[in-house]
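Quick caveat, the model's predicted, so the values are computed rather than measured. Protein chains get the first letters and strands the later ones, always in sequence-line order, with residue 1 at the start of each. Reckoned from all heavy atoms, side chains included, excluding hydrogens, waters and symmetry mates.
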Protein chains: 2
Amino acid sequence: MSSIGRIPEASVARLPLYLRGLDAFPVGVTATVSSEELATLAGVNAAKVRKDLSYLGTYGTRGVGYDADFLRFEISRALGVANTWPIVVCGMGNLGRALANHSGFSERGFPVVAAIDTDPDKVGVEIDGIPVYAPSALASVVTEHEIAVGIIATPPEAAQGAADRLVDAGVVSIMSFAPIVLTVPNGVDLRAVDLATELQILGFHLHRDRLANGAHATAGREQNLSVGQGPV
Amino acid sequence: MSSIGRIPEASVARLPLYLRGLDAFPVGVTATVSSEELATLAGVNAAKVRKDLSYLGTYGTRGVGYDADFLRFEISRALGVANTWPIVVCGMGNLGRALANHSGFSERGFPVVAAIDTDPDKVGVEIDGIPVYAPSALASVVTEHEIAVGIIATPPEAAQGAADRLVDAGVVSIMSFAPIVLTVPNGVDLRAVDLATELQILGFHLHRDRLANGAHATAGREQNLSVGQGPV
DNA sequence: TTTTCCTTGTGAACGCGTGCACAAGTTCCG
DNA sequence: CGGAACTTGTGCACGCGTTCACAAGGAAAA
Ligand SMILES: NC(=O)c1ccc[n+]([C@@H]2O[C@H](COP(=O)([O-])OP(=O)(O)OC[C@H]3O[C@@H](n4cnc5c(N)ncnc54)[C@H](O)[C@@H]3O)[C@@H](O)[C@H]2O)c1
Ligand SMILES: NC(=O)c1ccc[n+]([C@@H]2O[C@H](COP(=O)([O-])OP(=O)(O)OC[C@H]3O[C@@H](n4cnc5c(N)ncnc54)[C@H](O)[C@@H]3O)[C@@H](O)[C@H]2O)c1
């Protein structure tokens, strides 16, 4: 079988972008896409596209390009997109509600099937079609829906506790929006999204440019692209 | 004056984390923090802390550590945190509303002062205290509030248009949540946050582990940390 | 003063990611 | 059938980021 060698994390992080780019091509229809085209669609450069795809296998045809439909299939397979990973959201506040109500996650195979909140007014009701449970129900909810992914959208003070409970319940992948360092045991995959930090990085560049323009009128602005991931 | 040499982007991205870690120390009180402690507080390792801080200057005392209060001041200065950068949010839907209503941004110097939406029901009213304007009013709003930062939370189809309008109005830093590749002119700093992509990366690891455990029971799970940035 | 202990600051090595440049392979045209 | 045009796949070089390891420096005790 096609036992793929280790794919570099940087490449893995771009595979979803390629998949997104391939949305431009209809499903089931044979069409050719070149690395150059796909690069434009994904917002990267062509060399990267070719190298990334080469980690998956030899799916292109020299002198021609890639079959869009087949490529989508192969990237999907590598990412395990065929699987559906149900999600539980901890904290149905402003952000949690927005996330739970977001259709884009289900479309990509990550339906939000349950939420956890401590607010008695929310527990027991459905918010935007998502049933809200008390923290004590987490374990059974996770087991029942075979949930492997959790999102933390609680206040920062409650985030570590929520993480602990998620891990205890058997969740092994966590995306957190709380601006705080979380500690999880080995074997648990944690991605922390800190939007205030992102803004502060933008702010640093603004500050820099302002200094440069105010004092010396130096050139050298930038144009960043997608927000990727951290280390292992 | 302390003209700091170019700070590597990877270091810049961690400075806000250090600042966040220093929240553990009261303002105005002299306290000592070692690179080891700060590393724990920020979720990185001590060597990185020392190297990063060394780019800012020599603010530590060998054999002792760093003065927490002074360090906070210096990092703040490097990041330009003294400045306040007002924000305009484009698209007051589920996500936009959550962002606009989020207090953490103002606390870090990024108050949301205005919103743009095409929905006639929203234009002209205040949502959570944020005035909502029609797209045609963008330029004057940006000018009036001296806005340099914009957040895009419109549907994907409208995102490029929103970006163009922001740029035309004079906004030079954009954070986008739309799952689509945006094109902006040179000199504009764009950060794209794609949460579905983040989930798919988690999904890849789940898929991998499942294959490994199902077939060969191989070890090798991971524990990732903060979500950082992309290339220049 | 000298010794001991502690932590910073940094030179240097290493590894990963990126991008170039080109050989290898395919199609199409004359 | 030969050659032109095109695009993939990849070896290689380069640069950035990470980490190690230790000398340099400072405080406190003897
Ligand atoms: N709102 C945003 O746009 C935004 C942006 C960036 C980061 N964040 C972060 O995301 C988190 C949530 O933000 P928010 O604006 O939705 O806050 P919020 O206060 O609106 O909602 C928090 C929700 O979590 C619930 N909760 C509290 N303790 C809990 C626990 N132990 N278990 C489960 N649920 C619990 C509360 O009842 C509430 O419903 C915060 O950490 C915030 O810093 C939010
Ligand atoms: N909701 C989430 O949690 C979430 C998560 C990840 C990504 N996103 C992305 O963020 C974006 C917004 O998501 P949402 O759930 O808030 O969508 P939404 O449909 O709830 O809100 C979109 C808002 O944008 C407004 N709008 C439409 N065209 C506009 C324009 N040209 N200018 C200004 N405003 C315009 C609409 O009137 C609406 O109020 C989408 O691109 C979505 O894919 C959302």
Quiz prompt | A:L53 CG to D:dT10 P, straight-line distance once rounded to whole Å | solution = 12 Å

Quiz item: What is the distance from CG of A:D52 to P of D:dG9, rounded to the nearest Å?
Solution: 12 Å

Practice problem: Determine, for nucleotides 20-28 of chain D in 5'-to-3' order, which nucleotides have protein heavy atoms under 4.0 Å from the base (write B), from only the sugar-phosphate (write S), or from neither (write -). | Solution: -B--BBSS-

Self-check item: Residue B:T58, side-chain atoms from C-beta onward, closest of D:dT18, D:dT8, C:dG9
Solution: C:dG9

Quiz prompt | Per A:Y66 side chain, nearest of listed nucleotides C:dG9, D:dT19, D:dG9 | solution = D:dG9

Self-check item: d(OH, A:Y55; P, D:dG11) in whole Å
Solution: 11 Å

Quiz item: At under 4.0 Å, does any side-chain N or O of B:S35 touch on OP1 or OP2 of C:dT7?
Solution: no

Quiz item: Do B:Y59 and B:F70 have their ring centres less than 6.0 Å from each other?
Solution: yes

Self-check item: Any B:Y59 side-chain N or O less than 4.0 Å from OP1/OP2 of C:dT7
Solution: no

Practice problem: Figure out the CZ/C1' separation between A:F70 and D:dT8, and round it to whole Å. | Solution: 15 Å

Quiz item: Are B:F204 and B:H207 close enough that their ring centres sit under 6.0 Å apart?
Solution: no

Self-check item: Close side-chain approach of B:T58 and B:L53, heavy atoms under 4.5 Å
Solution: no

Output side-chain donor-acceptor pairs under 3.5 Å for residues 156-172 of chain B, partner residues at least two apart or in another chain, one line each.
residue, atom, partner, partner atom, Å
B:Q160, OE1, B:T183, N, 2.9
B:Q160, NE2, B:D164, OD1, 2.9
B:Q160, NE2, B:T183, O, 2.9

Self-check item: Listed once per pair and sorted, the salt bridge (charged side-chain N to carboxylate O under 4.0 Å, His left out) pairs that draw on residues 17-44 of chain A, sequence neighbours left out
Solution: A:R20-B:D194, A:D23-A:R108

Quiz prompt | Side chain proximity check, A:S34 to A:Y66, heavy atoms < 4.5 angstrom | solution = no

Self-check item: Gap between atoms CG and C1', on B:L38 and C:dG9 respectively (whole Å)
Solution: 15 Å

Practice problem: Establish, with yes or no, whether the OP1 or OP2 oxygen of C:dG17 is under 4.0 angstrom from a side-chain nitrogen or oxygen of A:K48. | Solution: no

